[in-house]
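Remarks on the structure that follows.
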Amino acid sequence: MLKRTVNCGELRSEHEGQEVVLNGWVQSYRDHGGVVFIDLRDRYGLTQVVFDPSGDAAMHHLARALRTEWVIGVKGKVRHRAEGMENPKMVTGTIEVEALQLEVFNKALTPPFEIDSTEPVNEELRLRYRYIDLRCKYMQRIMDVRNKATNIIRQHHQDHGFYEIETPILGKSTPEGARDFLVPSRLAAGSFYALPQSPQLFKQMLMVGGMDRYLQIVKCFRDEDARADRQVEFTQVDVEMSFIEMDDIISVTEEGFAKVWKGVLGVDIPLPIPRMSYADAIRDYGIDRPDMRFEMLLKDVTDIAGASDFKVFTSVAKSPNGMVKGLCAPGAGTYSRSDIEKGLTDFVGGYGAKGLAWFKVTKAEDSDQAQLTSSIAKFFSDEQKAELIERFGANIGDLILMVASDADTVNKSLAALRCKLGSDLGLAKQDDWRFVWVVDFPMVEFNTDENRWDSLHHPFTAPVPEDIPLLDSDPGKVRSLAYDIVLNGNEMGGGSVRIHQPELQAKVFDILGITKEMAQERFGFFVKALSYGAPPHGGIAWGLDRCVMMLCGIDNIRDAIAFPKTQRGQCLLTEAPNVVDESQLEELHIEIRREGPED
RNA sequence: GGGGUUGUAGCUCAAUUGGUUAGAGCAUCGGACUGUCGAUCCGAAGGUUGCGGGUUCGAGUCCCGUCAACCUCGCCA
């Protein structure tokens, strides 16, 4: 085999005269009848190889037969390109390799799509031929970023004394949280393993086991519907530390993020990363993952709206959980009525908002004062309108948008609207990195459907110590020692200080409606572990795939993963999941029930 | 489970109100060409319009169903 001595991206003028061997794929060939040019590609770059007709006749004949994506080895001599022949678009464009020997390692079928095509290629096709897609610069860059990021993360945690420890993939199913992927057991008929939604309990037990500091870059599985930023199978940077308080985890983590941003993008992230309470985030942004790149804060105007003559507002303001809130979109006063109705009202409608009230902030005819123009302006007194302008800090040319509904719908729809406007109005810049920690989460929230309290984070999250007395009287008021790290409106990770005393853990289970029997059956092993000397501990998990998305400026999680699944959890490359042999099912004690038309 | 977008040549797209033989660029194949680098020039081949029904004299186009991919609500402790 003509084994490479250099890669396709490294030759420069200073290598002139050297005899080298290159290996790679034929990116393109240009046959001039006499001289033949080949651009040879590998992960490192492109190098032009020249086959001169004055050379070996058999080799020249073979060179003319080369086609794109054939895999070859070439021995040749590096030479400086003649004046005017350099290609400034190529890193190796000042040189070329004059071929002396050619070996075809493998021919290739015509690829189903062009490598590095200038036109976007259908994603379904890319996934079906992922091994070809991965040859493209686009994917190679993402894999490079992903590799760099994981290396930095590993090194960072090594430097802080973390052990990298693996936890089981075949685990125990717990009905809380997301739907589990189940794996049938052959040896225990009728029993199933579950794939981990995260290694949560194992990492806590590693702390009980005295491992002190744990890191794992690990696959997690959640059988829920995918999204642009969500895969059923994803990678978490999983971290746990002993004998720490919240600030210790936060500081190790933010230092890690800063190192990644510095190492991959060369960007300095100022530390410490600012913190915001959950309550403030909901109040100002309507969501627990605020995009801090622009202002356009939400303002509660229930009081003003309730005092108006606009029935929609007054009835909502009077209802128990009713809220009228809005935002002021700078410069959006140019939006037409149909821009608003088709572009914005329909948009918030998707989040349950029944309507979207709007005011254009215009210049009064008789003065330089701002005034409000709207079909509903007549329901507001001049004082009320002035109050609205003041509350929103509105300027002439702005557009005020308001939603009236229950608090949850108002916040959800306005949060989404705010992000949409931030992007539509060009306020959210891609290379602006605004990290924020969201802290002081409520420990539990009331689930009206099930009529019980649910964990906001998970049942092992410790309450804020001074809120512990409220556990019995007013669980909804109890804050937890949980924290999410948010970047530009994306949740990049989250964690908490854990409960390390079995009594407190039992109490929290009780509040969550998990009976002693249920707790014993599901988490007995874990509560037992807490009873054998569990250190104070806590941790965090980062979403590595999202981290890569942000670093690469892509908005699709599939591109951040070498072999991703579709929205329906299919692998288009291998065609998993697939029907298996009857004999395999038999060994697993499984019988497939054919679903009837009613199912 | 709900809402939406898309599906036409290998790829990216076009095709007027339902109307002749479904076109173009790129790729492919053949030929020409000794300096190109998105090579160029000449020529050729390439179609179950996702699939199945229906309406119609006539369907890529309209209707019904279905499949897939994507976006999204719910869901994701």
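Below, chain A is the first sequence line, B the second, and so on; all start at residue 1.
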Exercise. Measure from the side-chain heavy atoms of A/R227 and tell me the nearest of B/C29, B/U36, B/G74.
Key: B/G74
Grab the N/O contacts between the protein and nucleotides 7-14 of chain B below 3.5 Å, and write none if there aren't any.
residue: B/G10; atom: O2'; partner: A/P112; partner atom: O; Å: 2.8
residue: B/U12; atom: OP1; partner: A/N122; partner atom: N; Å: 2.6

Practice problem: Assess the side chains of A/S13 and A/T94: does a donor N or O sit below 3.5 Å from an acceptor N or O? | Solution: yes
Quiz item: Under 3.5 Å, is there a donor-acceptor pair linking the side chains of A/Q505 and A/Q501?
Solution: no
Quiz item: A/N447 CG to B/C76 P: how many Å, rounded?
Solution: 9 Å
Practice problem: Say whether A/Q48 and A/R30, considering side chains only, have a donor N or O and an acceptor N or O under 3.5 Å apart. | Solution: yes
Quiz item: Would one find a side-chain N or O of A/R67 under 4.0 angstrom from OP1 or OP2 of B/C29?
Solution: yes
Practice problem: Tell me which nucleotide among B/A68, B/U36, B/C73 gets nearest to the side chain of A/E124. | Solution: B/A68
Exercise. Indicate yes or no: does A/E123 engage A/R128 in a salt bridge with an N to O separation below 4.0 Å.
Key: no
Practice problem: Verify whether one side chain among A/Y214 and A/Q216 offers a donor that lies under 3.5 Å from an acceptor in the other. | Solution: yes
Quiz item: Out of B/C76, B/A69, B/G35, which has the shortest distance to the side chain of A/R568?
Solution: B/A69
Quiz item: From the list B/C33, B/C75, B/U72, which nucleotide is the closest neighbour of the side chain of A/D31?
Solution: B/C33
Quiz item: Quick one: the side chain of A/R179 and the base of B/G74, do they pair up donor-acceptor inside 3.5 Å?
Solution: no
